[in-house]
Amino acid sequence: MARYDPQTVEPRWRAAWDEKACFRAERDPARPKYYVLEMFPYPSGRIHMGHVRNYAMGDVVARFKRARGFNVLHPMGWDAFGMPAENAAIERGVHPAKWTYENIAAMRAQLQAMGLSLDWSREIATCDPEYYGRQQALFLDMLEAGLVYRKASMVNWDPVDQTVLANEQVIDGKGWRSGAPVERRELTQWFFRISAMADDLLSAIDGLERWPDKVRTMQRNWIGRSEGLQLRFEMVANALLPDWRDLEVYTTRPDTLFGAGFCAISADHPLARALEPKLPGLPEFAAECRRLGTSEEEMETAEKAGFDTGLRVRHPFDPDWTLPVYVANFILMDYGTGAIFGCAAHDQRDLDFARKYDLPVIPVVAPTDADPATFAVGDEAYVGPGRLINSRFLDGMTVEEAKAETIRRIAEAGRGEARVNYRLRDWGVSRQRYWGCPIPVIHCRECGVVPVPKDQLPVRLPDDVTFDQPGNPLERHPTWARCLCPRCGGPARRETDTMDTFADSSWYFARFTAPHAETPTSAEDIAYWMNVDQYIGGVEHAILHLLYARFWCRAMARTGHLPPSAVEPFDALFTQGMVCHETYRSADGRWLTPDEVERSGEGAVETATGRAVEVGPSVKMSKSKKNVVDPERIIATYGADVARWFMLSDSPPERDVEWTAAGAEGAARHIQRVWRLVDGAADALPGPGAPFADDAATLALRRATHRAIAAVTADIEGFAFNKAVARLYDFTNTLARAGDAPGAALREAFETYALLTAPMTPHLAEALWARLGRATLVAETPWPAADPELTKADEIRIAVQVNGKRRAEIAVAPDADNAAVEAAALADPDVARALGGAAPRKVIVVPGRIVNVVV
RNA sequence: GCCCGGAUGGUGGAAUGGUAGACACAGGGGUUUCAAAAACCCCCGCCGCGAGGCGUGCGAGUUCGACUCUCGCUCCGGGCACCA
């Protein structure tokens, strides 16, 4: 009896699949298609366990659907542009392209070793001009359609490195390389007009029924539709800015207008800009605000601070009532009008601000159970429902009534109007970096911004670039940007900004349907393959990537690259959890990898020194904490099936999973056990198609077999891979005890096992199938069907409760009527004892479930 | 700070509002073996000799019945627009 050796067995079956091109996807209108896609990876150089989990799940779906008769498209590619390649160039002097393509080669080999049923002939890399050239064509069409424009916007500026920094490169307000305090700086940049589609992107979420509710909620909140009032406060005449008449603010709480205590504007508001040179102290304060960087998180968590401009505005309902105007660090120029009125009593931020600067806190909404005369606000703003107080003509109204009435009166007075607003901002795509898709426009002194003619695409990145100094290599390249204006022929300069990599990942799924087409998409292939039936990826992409892709598809539809049916490209979405591992820290505070540590009972020691190691909580695998396990080593030690099986077992796919060495060994033992069972029994089995014996042992085993088929099928369809795995463990235990069962039933059971395990452990499945004498491939074999006659139970056991506490268990026929079940329950001696002679007041019988006797 | 999740034995988890702990890992005991490994069998929520009682992060509530529904917390995680 040979031990199952994955290192020799697995490559053999991968070669067999390749030879028969089992996973090549060809358009075939006669067959139903199924497009399953996992989020493509960034080519960091090595796959990690998160990839293993993601791609194992996708492969389960792909192999399952293929076995169910679908024409499956399951492609793979590379999200290959991005900052790490430039960082490698800066730190190690390797060219981003060389670094990226070497990483792709290494990761492709690793993914191939996983035995994924991918169509590699469709592989794409976003850094390939074949791909990004088509993206440039899309960009030009979107530009022409008015979906792209330029405007001034803020970036994080490192004044020492003279470089734009990503948010993750700003640490505690300082540049990650230079350590210099970061400034906000304004640059003219390219934007996609995603906000113009806000309403459609919002309402279409209702139709995404096979997306997780949490993702739909997050997207709704992100878009943030609000109904409110845009209102112009009249400015009190002042010598500083005699020409400014009004201050326009946006509020979602017009009902609280009589609670207004101040107005606040962003440091980037035109009014603040106009005041800056005229007000001593303001430039310093504005600079302080701008040091906050561009992330919303920073703005919101920073301590509220303001600068009193000395200007005042009039209350719209009382010309004698004036409010101070502050410049404040928590007002976003990008939201609403960049100015607010503050009602301290009913907004926490406003309250914090008012307490700090001693501004009035006037409650104007009182909860219905409070006494309006004494209701006051302490350190917590009241944001709940209630009735208006201290608000003149609004007194006594509900919040909703008061909002409507305020808007009506403001409109009547000509000082504002109702307005729908969105939190969603336009998508800034300009990146001042080399390793991205060049934005295909030319700047001409005479003609302005001129699109690159399509026949000159792709605008290729130059190869000869240097990274020995900070800044954008494209900008300082001696010749690349220099060109002639396509319109007037005069000297001109190329755009040196490249696109956000989110653009690359916003349409790759469409490109996979025709990866070699001359045009970005091919209508026939799109019509057949789109949409993606099942998309699988990390929940960290719930908002940005998925929202941008939804927008981009709408833009592609408007420019004729996608049919209207593809504006929502992902019919079903599944977000999987992360892979975690416990963390280890040596006595001197160094993080240790799991390889450097020996686990012993409660504690752990560092193998090299024998010293005790502090075992930390299990958190997402990350290089910084060194709690990573290299899939390549796992595959080399145990085989791909073990890695796949373990990643699918135990934890529900949407939840985080913890990698443990013991778990991996358990998975390896299981695979050996299955092989041993089949290998030991195979020679004695009758050939395929032998008739079943008419005896109890045959019936019992066949019942177990068909129940396993039904259960595994339902579990895979329901994305409960951990439960499918548990069913297969269960079925394995049945097989282990069925050694003397009649041959035909045993063959059916073993063959069924091979077919059911194939989506999870495809190599093992093929090996079992072949050992059972089959000359075909499991990869080409249809999924087994459960015989309903065999999955029915002949007797069920149900619990009997007395006053909600379980007291007994009775066996009844599955179709027994309620009266019979009730009688059987009351006749049970344990039930009688629990009743203690008391007469049942009520008996609840839930058919097939439970009996509850209430006394 | 704001938005979205999650919490069940020693561990990962299972459970259309209906027998809490399927299945697995770890642990314990046994069989086999010169021995070890492997394999196989049994036990395994907590307290209790037992009868029984208590148990799904905490506190309330709805229900004949709550891990599941509602409200209020705690802790942990994801996202916050230039990481991908």
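Each chain gets a letter, A, B and so on, in the order the sequences are listed, and its residues count up from 1.
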Please answer whether the main-chain N or O of A:Thr496 pairs with a side-chain N or O of A:Asn472 as donor and acceptor at a distance below 3.5 Å. yes
Which residue lies toward the 5' end of RNA chain B, A:Tyr548 or A:Ala662, if each is placed at its nearest nucleotide? A:Ala662
Applied to residues 78-87 of chain A, the salt bridge (charged side-chain N to carboxylate O under 4.0 Å, His left out) test, sequence neighbours excluded, yields none
Looking at B:rC82, does its base get a donor-acceptor pair with the side chain of A:Gln189 below 3.5 Å? yes
Using a heavy-atom distance cut-off of less than 4.0 Å, which residues of residues 426-437 of chain A contact RNA chain B? A:Gly428, A:Ser430, A:Arg431, A:Gln432, A:Arg433
With sequence neighbours left out, write down each residue that passes ring-ring contact (aromatic ring centres under 6.0 Å, His included) with [X], or none if nothing qualifies.
X: A:Tyr131; answer: A:Trp507
X: A:Trp427; answer: A:Phe192, A:Tyr548
X: A:His541; answer: A:His545

Nucleotide-resolved protein contact map, nucleotides 37-45 of chain B, B/S/- at heavy-atom distance under 4.0 Å: --SS-----
Which dot-bracket string describes RNA chain B (Watson-Crick N1-N3 plus N6-O4 or O6-N4, or G-U N1-O2 and O6-N3, all under 3.5 Å; [ ] crossing; | other strand)? (((((((..(((.....[....))).(((((.......))))).(((....)))..(((((..]....))))))))))))....
Provide a list of protein-nucleic acid N or O atom pairs under 3.5 angstrom, restricted to nucleotides 5-15 of chain B.
residue: B:rA7; atom: OP1; partner: A:Arg655; partner atom: NH1; Å: 3.2
residue: B:rG12; atom: O2'; partner: A:Ser651; partner atom: OG; Å: 2.9
residue: B:rG12; atom: N2; partner: A:Asp650; partner atom: OD1; Å: 3.0
residue: B:rG13; atom: O2'; partner: A:Asp650; partner atom: O; Å: 3.4
residue: B:rA14; atom: OP1; partner: A:Asn722; partner atom: ND2; Å: 3.1
residue: B:rA15; atom: OP1; partner: A:Lys723; partner atom: NZ; Å: 2.3

Taking distance alone, no hydrogens or angles, what donor-acceptor pairs closer than 3.5 Å link side-chain atoms of residues 38-45 of chain A to residues at least two apart or in another chain?
residue: A:Glu38; atom: OE1; partner: A:His74; partner atom: NE2; Å: 3.0
residue: A:Glu38; atom: OE2; partner: A:His74; partner atom: NE2; Å: 2.7
residue: A:Tyr42; atom: OH; partner: A:Ala85; partner atom: N; Å: 3.4
residue: A:Ser44; atom: OG; partner: A:Arg46; partner atom: O; Å: 3.3

Summary of side-chain hydrogen bond (donor to acceptor under 3.5 Å, both in side chains) pairs that have at least one residue in residues 716-729 of chain A, sequence neighbours excluded: A:Arg68-A:Glu717, A:Trp645-A:Tyr729
Among residues at least two apart in sequence or on other chains, which ones pass side chain to side chain contact (heavy atoms under 4.5 Å, CB included) with A:Pro385? A:Tyr382
What N/O pairs connect the protein and nucleotides 70-74 of chain B at under 3.5 Å? Give each pair on its own line.
none

